[in-house]
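Just so it is clear: chains get the letters A, B, ... in the order the sequence lines come, proteins before strands, and each one is counted from 1. Computed from a predicted model, the values in this text were never measured in an experiment.
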2 protein chains.
Amino acid sequence: MTSETGPKTARGRERKGAIIEVAAALMYERGVRATGLEDVLAESRSGKSQFYHYFSSKDELVAAVLEYQLMTVLGELGEFRVDTWRGIRSWFDALLEGQEERGFKGCPVGSLSIELSAGDRLMQGRVADAFSRWETALARAFAAMQARGALDDSARPQILAEATLAAIQGGYLLSTIHRDIAPMRTALTAAFTELRAARPQKTS
Amino acid sequence: MTSETGPKTARGRERKGAIIEVAAALMYERGVRATGLEDVLAESRSGKSQFYHYFSSKDELVAAVLEYQLMTVLGELGEFRVDTWRGIRSWFDALLEGQEERGFKGCPVGSLSIELSAGDRLMQGRVADAFSRWETALARAFAAMQARGALDDSARPQILAEATLAAIQGGYLLSTIHRDIAPMRTALTAAFTELRAARPQKTS
DNA sequence: ACGTGACTGTACCGTACGGTACAGTGCCGC
DNA sequence: GCGGCACTGTACCGTACGGTACAGTCACGT
């Protein structure tokens, strides 16, 4: 996956990276369809020919942006010990902080995905894959907790991951719509409570 | 609000209604920005001049569609006794059924709102208002349950409504992305469990 | 030195789309 | 029967946008 047959060799990589970063920022702010190629190129100081040298279409750029945003999110996730209660809490706090700092513009992966999942099959698949990777990362952490005895044997990591991610995305959505962090905090608090409810029962 | 200075008088109302319905369906399926006026007009068998007789811009049509979709959702909500446990469950089941029947295309209000909340202030306000009305409807039902003693005195209806709506929206999102009802069912089950946890405690 | 291939600049094309202009048509009260 | 107004049909405009063509330039291996 990371091999990707890196189709360039030099500062070209830098250029391509710059285009992706600018596109990610713009698409995050305005939406994919509302972001024109020309906007991206102007802000990254590139020309059309550069763009079409590195990408074969706007869709390909969008796919790269999706991957980029997913890596950002997974990267942040990786900075926390999400297989501990404290770690989960810290991660949730970081999500809240990020949403507030970025001006309540929503989840970089989620908002992108919603727009893209109305597209063609290929794009739908890419989006579904991105979310699966996020879910799997979470499920693995929960499985580790379960193995350690921090979660009840009856808990199902995959299910917990789904519910957690749903709460996160729902929280982002409400927060974005209301331009207010409170509903997202509510959603994440509820998600945390629900996770804690899956701790081992002492009925032995 | 419902007075709206009904700007027409006759079958014109029918025409306008038809345009809104077609637009709602198309925008639900493809997204707002991906739906052209010409598509809407073709399918509703209207001309440009009709359209601009009834609406002053595409944005105004979008606002009408948002209102239409909100009314649909609130209308469906109203068909259930959401101030009872059985009613809530039935409503959740209906949401799941609807999402499946419509081909996993997401929440008619939610997906619209996400796209629109990247627009201008006016549109953002309309979206926030729509969601507030949905939240309020839920919060009122929960308040009624609380008054009846079905919810603990310490529960806060507004908070419960936020968390519930977040779970619903998050569930819709995951379900739409994966083209699968399971994650939404997981999210709604979790939301229901969390609501049940707010039943009166017998510690007294 | 020179040729090859990665990269860059500029100009252009086709089309889709939101919006406008304008000339009607048919219903309704008087 | 006629004036006015709600409504309808058609043709058109300006622009934005994704994508292409093509002519370079620059780095580097030989």
Side-chain angles (χ1 to χ4, degrees), chain A residues 4-27 29-66 112 115-116 118-120 122-123, chain B residues 4-27 29-66 112 115-116 118-120 122-123:
Chain A
E4 280 201 13
T5 81
K8 65 231 83 356
T9 52
R11 74 193 181 286
R13 224 157 353 213
E14 206 173 320
R15 251 300 153 53
K16 183 171 181 182
I19 292 178
I20 293 176
E21 275 177 45
V22 167
L26 256 37
M27 288 174 180
E29 194 140 337
R30 314 177 185 171
V32 173
R33 215 185 145 108
T35 300
L37 242 34
E38 323 243 12
D39 302 330
V40 174
L41 298 180
E43 195 148 329
S44 67
R45 283 215 252 271
S46 311
K48 273 263 169 74
S49 58
Q50 267 125 312
F51 179 83
Y52 282 100
H53 183 65
Y54 298 124
F55 304 91
S56 70
S57 67
K58 189 185 177 184
D59 263 14
E60 205 178 298
L61 170 64
V62 168
V65 167
L66 176 63
L112 202 60
E115 192 175 348
L116 264 34
D120 60 24
L122 178 60
M123 198 57 87
Chain B
E4 280 202 12
T5 82
K8 65 231 76 18
T9 52
R11 75 192 180 286
R13 225 160 348 218
E14 207 172 319
R15 251 300 152 56
K16 184 171 179 180
I19 292 177
I20 293 176
E21 274 176 47
V22 167
L26 256 37
M27 288 174 179
E29 194 139 337
R30 314 177 187 174
V32 173
R33 214 184 146 107
T35 300
L37 243 32
E38 323 244 11
D39 302 330
V40 175
L41 298 179
E43 195 149 329
S44 69
R45 282 215 255 265
S46 312
K48 272 262 170 73
S49 58
Q50 268 125 311
F51 179 82
Y52 281 101
H53 184 66
Y54 298 123
F55 304 91
S56 69
S57 68
K58 188 185 178 184
D59 263 13
E60 204 178 299
L61 171 63
V62 169
V65 167
L66 176 63
L112 201 59
E115 192 174 349
L116 263 34
D120 60 25
L122 179 61
M123 199 57 90

Trainee: Using the test salt bridge (charged side-chain N to carboxylate O under 4.0 Å, His left out), find all partners of B:Arg45 that sit at least two apart in sequence or belong to another chain.
Mentor: none

Trainee: By salt bridge (charged side-chain N to carboxylate O under 4.0 Å, His left out), which residues pair with B:Glu38, not counting sequence neighbours?
Mentor: B:Lys48

Trainee: What pair of heavy atoms forms the shortest contact from A:Val40 to A:Thr35, and how long is it?
Mentor: CG2-CG2, 3.7 Å

Trainee: Measuring from atom CD of B:Glu21 to atom OG of B:Ser44, what distance do you get when rounded to the nearest 0.5 angstrom?
Mentor: 10.5 Å

Trainee: Mind calculating the distance between CD1 (A:Ile19) and P (C:dC7) to the nearest angstrom?
Mentor: 11 Å

Trainee: Separation of B:Leu41 atom CG from D:dT10 atom C1', in whole Å?
Mentor: 13 Å

Trainee: Between atom CZ of B:Arg33 and atom CG of B:Leu116, what is the distance when rounded to the nearest 0.5 Å?
Mentor: 12.0 Å

Trainee: Look at A:Gln50 and C:dC7 and indicate whether a side-chain polar atom (N or O) is within less than 4.0 Å of OP1 or OP2.
Mentor: no

Trainee: How many Å lie between CZ on B:Arg45 and P on D:dG9, as a whole number?
Mentor: 11 Å

Trainee: Rounded off to whole Å, could you give me the CG-to-P distance for the A:Leu61 and D:dC17 pair?
Mentor: 15 Å

Trainee: Residues two or more places apart in sequence or in another chain: which of them pass side-chain contact (heavy atoms from CB on, under 4.5 Å) with A:Ala64?
Mentor: A:Ile20, A:Phe55

Trainee: Counting just side-chain N and O atoms, does A:Arg15 come under 4.0 Å of either OP1 or OP2 of C:dA6?
Mentor: no

Trainee: Using modelled atom types only, decide if a donor and an acceptor are shared between the side chain of A:Glu115 and the backbone of A:Val32 within a distance under 3.5 Å.
Mentor: yes

Trainee: Which residue pairs pass the salt bridge (charged side-chain N to carboxylate O under 4.0 Å, His left out) test with at least one member in residues 54-65 of chain B, sequence neighbours excluded?
Mentor: none

Trainee: Reading nucleotides 18-23 of chain C 5' to 3', which nucleotides get B (base under 4.0 Å from a protein heavy atom), which S (sugar-phosphate only), which -?
Mentor: BBB---

Trainee: Based on Watson-Crick and G-U pairs with both distances under 3.5 Å, what dot-bracket line describes DNA chain C 5' to 3', crossing pairs as [ ] and inter-strand pairs as |?
Mentor: ||||||||||||||||||||||||||||||

Trainee: Taking NE2 from B:His53 and C1' from C:dT25, how many angstroms apart are they, rounded to a whole number?
Mentor: 13 Å

Trainee: Establish, with yes or no, whether the OP1 or OP2 oxygen of D:dT8 is under 4.0 angstrom from a side-chain nitrogen or oxygen of B:Tyr54.
Mentor: yes

Trainee: When you measure from the side chain of B:Gln50 to the backbone N and O of B:Gly47, does any donor-acceptor pair fall under 3.5 Å?
Mentor: yes

